[in-house]
Asker: 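Let me give you the structure first, and then I'll get to my questions.
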Amino acid sequence: MSSFTPKSDFLQVMTERGFIHQCSDLAGLDALASGGKLVGYIGFDCTAPSLHVGSMVQIMCLHWLQQTGNRPIALMGGGTTRVGDPTGRDESRKILTLEDIERNKNGIKQAFSRFLTFGDTGTDALMTDNAEWLTKLNWIEMLRDIGKHFSVNRMLAMDSVKLRLEREHEMSFIEFNYMILQAYDYVVLSQRYGCNLQMGGSDQWGNIVNGLDLGRRMGTPQLYALTTPLITLASGAKMGKTASGAVWLNPDMKSPYEYWQFWRNTEDADVARFLKLFTTLPMSEIERLAALQGAEINEAKKALADAATTLLHGPAAARVAAETARKTFEDGIAADTLPTVTVAGADLMAGLGVLNAFVTAGLTASTGEARRQIKGGGLRVNGIVLTNEHAMLTPADAINEGAIKLSMGKKRHILLRPVD
RNA sequence: GGGGGAAUGUCCCGAGCGGCAAAGGGGGCGGACUGUAAAUCCGCUGGCUAUGCCUUCGUAGGUUCGAGUCCUACUUCCCCCA
């Protein structure tokens, strides 16, 4: 596969930026892509109210698909989430309520508009929900039309099932059916929209290939599969977690500033790879940035943070985030654009204990943790290390544009702003 | 159907003679060193109105001054026999 030289823009971009892990037929796919005849989809689970950076690779795949003259489909898993994908899990998922799934779906939709141009013609992106057809399936019809194409022998041999069986972990019948539904999705999308490519993370290979098979048996045109590598950090950790939890894409769950910070803190060894995957900067520029050594590599990290944040939150928000970071870390002053938490002015007037202040700000989970952090020298008020856990905050401490800057560690800062 | 074993700090794994807020890891957080990096070293890693009080070892009872530890029943999981 490494010897294959793609001719299409799509596969050239995917290859040189490191998006390709496995493909069912690179040459066939290349031919279709050259003519702008690809209609590719990726399914997104509705298990959380927002996508997180872990899905960025997938989103970028759709983005490039469109940028190179093909049509992307973002498929919401409103139906499949009701069943639950057992892939990569050795315990059953808990079954989500329909209301939760609906809420999650609406939250997840938000992120896409920045990356894709939606519409009804040509290369316009499409968003659809597999609940639309899956919930209408009739059990007997489904068994006769779809079920007959599936071999239980083969299903049992699939990794997602085999692992559970080997470890003698429970796999319920509902989960066992997941792969059938995902395969069926692909066929439906093929029939409705001429979809001929499904992409996904490398763990989805089995599910995607099932779709290919089902399509062949049900008489669709040739379908293709393309998976992306699992993105881990150079240090081996799974990507997407930070001090303050998962890196969500929705701004109400993770501010643009925090998103910018996430990329700014990328490990040296990951910078070049991430620039290729998570920005649309030209390859020549990426090569220049990747060549930076030592402390200079920080310039590359800023470029990564700027570009990635611009993609998700827009240029204005990215500029603010970068400026906030510059003031905070390089000038050491409190930018009024830092994440802010408000307190009642009256409470502050009466004197607010520092322990409770840090809990209110969300920097520590409990007053106990705040106490321990103070012992370890980890908390600061207006930049000054806090040593007295009994200290009280008063309006006189609101010296940064009328707010108090609370910090935990070197990187996490919150403005506590009194309001009436 | 019969016999044996197991469930531990709500992140995970895991030790635990009747005196236990409970060993040890991993992970996470903080500190030092740096470049807002990695690696390394050090500290912390139930809650609170805090020299005390409250809640934690599958669930519910019991024995005991005192139970994660002993007894009984139940739930779930694993192993062996049929």
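Note that the structure is predicted; figures quoted are calculated from it, not measured. Every chain is numbered from 1, with letters handed out A, B, ... down the list of sequences.
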Asker: Looking only at atom C1', what distance separates A60(B) and A7(B), rounded to whole Å?
Answerer: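 Pairwise C1' distance, A60(B) against A7(B), rounds to 16 Å.
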Asker: Take atom C1' in G58(B) and the same atom in C54(B), then report the distance between them in whole Å.
Answerer: 22 Å
Asker: What's the closest nucleotide to the Arg372(A) side chain, out of U36(B), G46(B), G30(B)?
Answerer: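 Nearest to the side chain of Arg372(A) among the choices is G46(B).
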Asker: Counting side-chain heavy atoms from C-beta on, which of U49(B), C29(B), U36(B) comes nearest to Ala325(A)?
Answerer: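 Shortest atom-to-atom distance from the side chain points to U36(B).
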Asker: Which nucleotide wins on minimum distance to the side chain of Glu267(A), given the candidates A38(B), C29(B), U49(B)?
Answerer: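 Nearest nucleotide to the side chain: A38(B).
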Asker: Is there a donor-acceptor contact under 3.5 Å linking the side chains of Glu323(A) and Thr337(A)?
Answerer: no
Asker: Where the side chain of Asn265(A) is defined as all heavy atoms beyond and including C-beta, which of C48(B), G35(B), A37(B) is the nearest nucleotide?
Answerer: A37(B)
Asker: How far, in whole Å, is U10(B) from G1(B) if one measures between their C1' atoms?
Answerer: 37 Å
Asker: When rounded to the nearest Å, what value does the distance between C1' atoms of C80(B) and C11(B) take?
Answerer: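 So the two C1' atoms sit 35 Å from each other.
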Asker: For Gln198(A) and Gln204(A): C-alpha separation, side-chain torsions, deciding distance, then whether side-chain hydrogen bond (donor to acceptor under 3.5 Å, both in side chains) applies.
Answerer: CA-CA 10 Å; Gln198(A) 181 181 178; Gln204(A) 291 296 315; over 6 Å; no
Asker: What distance, rounded to whole Å, do you find between the two C1' atoms, one in G26(B) and one in C44(B)?
Answerer: 16 Å
Asker: Looking only at N and O atoms, is any donor in the side chain of Gln261(A) or the base of U36(B) less than 3.5 Å from an acceptor on the other one?
Answerer: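 Such a pair is found, so the answer is yes.
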Asker: Below 6.0 angstrom between ring centroids: does that apply to Phe10(A) and Trp64(A)?
Answerer: no
Asker: Between G19(B) and U69(B), how far apart are the two P atoms, rounded to whole Å?
Answerer: 12 Å
Asker: What nucleotide among U36(B), C48(B), A37(B) has an atom nearest to a side-chain atom of Trp260(A)?
Answerer: U36(B)
Asker: Counting heavy atoms from C-beta on, name the nucleotide in U49(B), U36(B), G30(B) closest to the side chain of Lys411(A).
Answerer: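 Ranking U49(B), U36(B), G30(B) by closest atom to the Lys411(A) side chain puts U36(B) first.
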Asker: In whole Å, what separates the P atom of A67(B) from that of A21(B)?
Answerer: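 Looking at atom P only, A67(B) and A21(B) are 11 Å apart.
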Asker: Counting heavy atoms from C-beta on, name the nucleotide in C48(B), G35(B), G30(B) closest to the side chain of Ala295(A).
Answerer: G35(B)
Asker: Measure up the Phe278(A) and Trp263(A) rings against each other and bin them: parallel (under 30°), tilted (30 to 60°), perpendicular (over 60°).
Answerer: tilted
Asker: U49(B) and C57(B): how far apart are their C1' atoms, nearest whole angstrom?
Answerer: 28 Å
